[in-house]
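Inspection log for the structure reproduced underneath, given as structure tokens.
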Amino acid sequence: KLKKLSLLSGGERAMVALSLLFAFHYASPSPIYIFDEVEPALDSLNLSRFIKLLEKIKEEAQIIVITHQRQTMEAGETIYGVTLGPDGISRVYSQKFAEVTQLEHS
């Protein structure tokens, strides 16, 4: 059913954009993808679908995802965080997710 994009909800717009991007990937893959908070409007089912698609293409491409969603972070291999210190200087932190999992199971 055809609809104007302006009539779609935020989640539906995100799904259309992500569907188009993944279709481009399967037609002509790119070596890197950057997603900037694309999943906040997605419901839990579509968020799971998005994460499964990321897991499929991460073997073929580098993926950078900027997110606040814990579920999306858990799908990553390395987590980077940026924080502003009391001295006004930004600091970058990184953690391999496998190391975090090992610490939790120890």
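When every heavy atom of Val82 is checked against every heavy atom of Ser90, the shortest pair comes out as CG1-CB, 4.1 Å. Nearest approach of Glu55 to Ala75, heavy atoms of both residues: OE2-CB, 3.9 Å. Here the closest non-hydrogen pair linking Ala14 and Leu42 is CB-CD2, 3.8 Å. For the residue pair Thr67 and Glu37, the shortest heavy atom distance occurs at CA-CG, 4.3 Å. Scanning both residues, Ala61 and Ile32, for their nearest heavy atoms gives CB-N, 4.4 Å.
Here the CD1-CG distance, from Ile89 to Leu84, works out to 9.0 Å after rounding to the nearest 0.5 Å. Atom CG in Leu21 sits 10.0 Å away from atom CG in Leu53 (nearest 0.5 Å).
Heavy atoms of other residues, nucleotides or ligands lying less than 6.0 angstrom from CD of Glu60 number more than 12. By the neighbour-count criterion of 12 heavy atoms within 6.0 Å, atom NZ of Lys56 is sparsely surrounded, having that number or fewer from other residues, nucleotides or ligands.
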Begin from the C-alpha positions of Arg91 and Tyr93 and carry the test side-chain contact (heavy atoms from CB on, under 4.5 Å) through to its verdict. CA-CA 7 Å; Arg91 289 182 176 74; Tyr93 298 93; 3.6 Å; yes
Could you please spell out the steps behind the side-chain contact (heavy atoms from CB on, under 4.5 Å) verdict for Gln71 and Glu39? CA-CA 10 Å; Gln71 189 176 357; Glu39 78 278 36; over 6 Å; no
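Applying the ring-ring contact (aromatic ring centres under 6.0 Å, His included) rule to pairs touching residues 25-47 yields His25-Tyr33, Phe35-Phe50, sequence neighbours excluded.
Contact of the Phe22 side chain with the Leu54 side chain is registered, since non-hydrogen atoms from C-beta on lie closer than 4.5 Å.
For the side chain to side chain donor-acceptor pair (under 3.5 Å) test, residues two or more places apart in sequence or in another chain that qualify with Arg49 are Asn46.
Here the side chain of Arg13 pairs a donor or acceptor atom with the backbone of Ser6 at under 3.5 angstrom. Not one N or O on the side chain of Ser28 forms a donor-acceptor pair closer than 3.5 Å with the backbone of Phe24.
With respect to Thr72, the side chain to side chain contact (heavy atoms under 4.5 Å, CB included) criterion is satisfied by exactly one of His68, Gln69, Glu74: Gln69.
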